[in-house]
Number of protein chains: 2
Amino acid sequence: MPRPARVSPDRILAAAAAEFSARGYAGARVDRIARRARVNKAMLYYHFGSKQALYRALLLDTFTAAAARLREVASAPLPPEQKLEQLVTTVSAIVAERAHFPAIMLREVAEGGTHLDKDTLAAMAALPAIVGQVVMEGAQKGALRRVHPVLAYFTIFAPIVLYLGGAPIRRALATHGLVDLTELTPELFEREMRASIRRAFAAPAVTERRS
Amino acid sequence: MPRPARVSPDRILAAAAAEFSARGYAGARVDRIARRARVNKAMLYYHFGSKQALYRALLLDTFTAAAARLREVASAPLPPEQKLEQLVTTVSAIVAERAHFPAIMLREVAEGGTHLDKDTLAAMAALPAIVGQVVMEGAQKGALRRVHPVLAYFTIFAPIVLYLGGAPIRRALATHGLVDLTELTPELFEREMRASIRRAFAAPAVTERRS
DNA sequence: GTCTATACTTCGATAGAC
DNA sequence: GTCTATCGAAGTATAGAC
């Protein structure tokens with residue numbers, strides 16, 4: 001047997017990621033997901049049960065994977081300042097690997113978690129917890145300024161997710177000749193973000209640098 | 001004539017703001033908007049023509065008003081560092097007055113501008129332009145660090161919009177007993193944001209403070 | 001596990017009287 | 001300008017054969 005063809009659920013999840021991220025829960029069409037995954041609708045319902053269950057499975061998978069990546073950074077043997085910058089890099093990397101991540105996250109925030117169950121909500125809630133842990137550790141060691149951990153989470157996550165998730169609308173703006181920008185690249189954006197985050201959260205210089 | 005009753009269009013726009021922000025374009029129901037505005041559907045179509053036209057009217061109104069507020073700050077007789085902090089305050093104030101602003105913005109970014117026409121897209125594009133103007137002025141005067149204007153836009157806007165727009169999902173998390181937080185208040189958030197922005201974009205200290 | 005055909009529902013939009 | 005009634009298009013989900 002050259003091809004086991006045991007790939008339906010994975011293909012469906014991938015198709016669901018594309019569809020839900022591009023159109024949102026209400027805008028997504030089960031027919032389209034099935035077609036994109038090259039299975040028929042009945043097959044999709046056979047594996048996932050309902051549109052909502054598929055959506056939850058997708059989000060649980062997405063946020064669980066992201067949290068795992070961030071946990072690696074949080075528990076790495078690095079000084080807190082470097083962990084913080086590494087978080088920026090890792091969030092960017094997560095988006096680079098899963099292009100649908102930003103749209104899904106932005107939509108779910110806007111949606112208020114309406115379609116989610118407790119497990120999926122818990123997976124989302126893990127992200128701020130991990131960032132908060134890094135910041136609090138840094139403050140304790142005197143390496144970082146004391147800031148509210150939730151503020152740190154938003155200061156780091158929000159710009160990256162909105163900027164990278166904004167690629168499609170920037171294309172739309174460009175189409176209409178409305179974009180001014182000497183296109184900022186994701187690479188440059190990440191570099192500048194790291195610098196901004198470093199400065200925003202650096203501990204006030206108590207011991208002065210020698211003159 | 002005690003009450004002109006000439007309020008249908010405004011009431012419809014207000015109802016549309018609530019519905020579209022809570023459910024998105026595809027999830028919004030024209031019936032619900034009409035009911036909330038206490039007009040019937042035919043009346044709504046009489047005034048706005050279609051669901052899409054109503055959506056565009058709402059977004060054009062929303063972003064035009066926000067841009068006007070920000071332009072005031074940009075052209076105020078203030079040093080750039082203060083303008084920057086004032087932008088933080090103003091974005092927070094805009095959200096305080098129009099609670100649906102964050103959700104609408106997050107959704108439209110995720111949506112990629114699909115439902116928008118050129119005018120509405122232009123109104124959205126005005127926001128980064130205004131922030132960029134402040135940052136470039138500051139860099140020219142040596143008051144601010146040289147950063148890409150688009151980066152500055154996202155660094156300021158994104159955390160505020162995502163944090164304030166995230167209130168509903170934080171409530172959902174709290175309902176399930178998943179929130180750790182010693183609830184960060186919007187006021188404290190704004191104060192800390194101003195501090196972070198100030199540090200992130202301050203010009204490197206060339207002239208040392210006297211010892 | 002896989003597919004076709006279809007039941008059932010909801011929603012955007014309009015016709016047409018007042 | 002305002003309203004009631006309704007059409008027609010989609011959309012989720014399932015029945016039932018293979």
Side-chain angles (χ1 to χ4, degrees), chain A residues 1-60 104 107-108 110-111 114-117 120, chain B residues 1-60 104 107-108 110-111 114-117 120:
Chain A
M1 41 188 83
R3 287 280 156 129
R6 249 229 80 268
V7 286
S8 296
D10 293 331
R11 279 219 314 269
I12 292 171
L13 267 184
E19 177 74 4
F20 282 122
S21 69
R23 315 204 181 229
Y25 181 78
R29 295 295 164 245
V30 175
D31 292 87
R32 257 197 303 258
I33 296 173
R35 186 149 30 86
R36 215 190 285 238
R38 284 167 309 169
V39 301
N40 57 60
K41 249 194 310 187
M43 199 68 254
L44 186 154
Y45 279 99
Y46 173 80
H47 281 299
F48 289 93
S50 72
K51 180 184 182 179
Q52 190 181 62
L54 173 59
Y55 185 69
R56 289 177 177 174
L58 169 67
L59 264 69
L60 189 59
I104 286 180
R107 283 186 199 279
E108 207 44 52
E111 207 86 357
T114 328
H115 311 287
L116 304 185
D117 54 7
T120 313
Chain B
M1 45 189 83
R3 288 278 157 133
R6 251 227 77 269
V7 287
S8 296
D10 294 330
R11 280 219 313 270
I12 293 171
L13 268 183
E19 177 75 4
F20 282 122
S21 69
R23 314 205 182 227
Y25 181 79
R29 298 293 163 247
V30 175
D31 293 85
R32 256 196 304 257
I33 295 173
R35 186 149 31 85
R36 215 191 284 237
R38 284 167 310 169
V39 301
N40 57 61
K41 245 196 312 187
M43 199 69 254
L44 185 154
Y45 279 98
Y46 174 80
H47 282 298
F48 290 93
S50 71
K51 181 183 183 180
Q52 190 182 61
L54 173 58
Y55 185 69
R56 289 176 178 176
L58 170 67
L59 265 69
L60 188 60
I104 287 180
R107 284 186 198 278
E108 207 44 51
E111 205 86 358
T114 328
H115 310 288
L116 304 185
D117 55 7
T120 313

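Chain A is the first sequence line, chain B the second, and so forth, proteins listed ahead of strands; every chain is numbered from 1.
- In this entry the distance linking OH of A:Tyr46 with P of D:dA15 reads 15 Å, nearest Å.
- Residue B:Lys51 has its side chain nearest to C:dA13 when only D:dT12, C:dA13, D:dT4 are considered.
- In this structure, CE of B:Met43 is placed 17 Å from C1' of C:dG12, rounded to the nearest angstrom.
- One can place CD1 of B:Ile12 at 14 Å from C1' of D:dC3, the figure rounded to the nearest angstrom.
- The nearest heavy atom of DNA chain D to A:Asp31 and to B:Arg38 marks one nucleotide each, and the one closer to the 5' end goes with B:Arg38.
- Looking at heavy atoms from C-beta onward, A:Leu58 lies in side-chain contact with A:Ile104 at the 4.5 angstrom threshold.
- In this structure, A:Tyr55 and A:Tyr25 have perpendicular ring planes: the angle between them is above 60°, well past the 30° mark.
- Comparing D:dA13, C:dT2, D:dC3 by their closest approach to the side chain of A:Ser50 singles out D:dA13.
- Residue B:His47 contributes atom NE2, which lies 16 Å from atom P of C:dT14 at whole-angstrom precision.
- The side chain of B:Arg29 approaches C:dG12 more closely than any other nucleotide in the set C:dG12, C:dT2, D:dT2.
- To the nearest angstrom, P of C:dA13 lies 9 Å from CD of B:Gln52.
- Candidate nucleotides D:dA13, C:dG12, D:dT2 were compared by shortest atom distance to the side chain of A:Tyr45, and D:dA13 ranks first.
- At whole-Å resolution of the value, CD1 in A:Ile33 and P in D:dG11 are 12 Å apart.
- Taking atom NZ on B:Lys41 and atom C1' on D:dG8, their separation rounds to 12 Å, with Å as the unit.
- Atom CG of A:Leu54 is separated from atom P of D:dA13 by 10 Å (rounded to the nearest Å).
- Nucleic acid contact for B:Ala28: sugar-phosphate only, since backbone atoms but no base atoms lie under 4.0 Å from a heavy atom of the residue.
- In this structure, the side chain of B:Arg35 does not engage the main chain of B:Lys41 through any donor-acceptor pair within 3.5 Å.
- Within the 3.5 Å criterion, the main-chain N or O of B:Ala22 finds a donor-acceptor partner in the side chain of B:Arg107.
- Judged purely by atom type and a 3.5 angstrom limit, A:Glu19 uses its side chain to pair as donor or acceptor with the backbone of A:Arg29.
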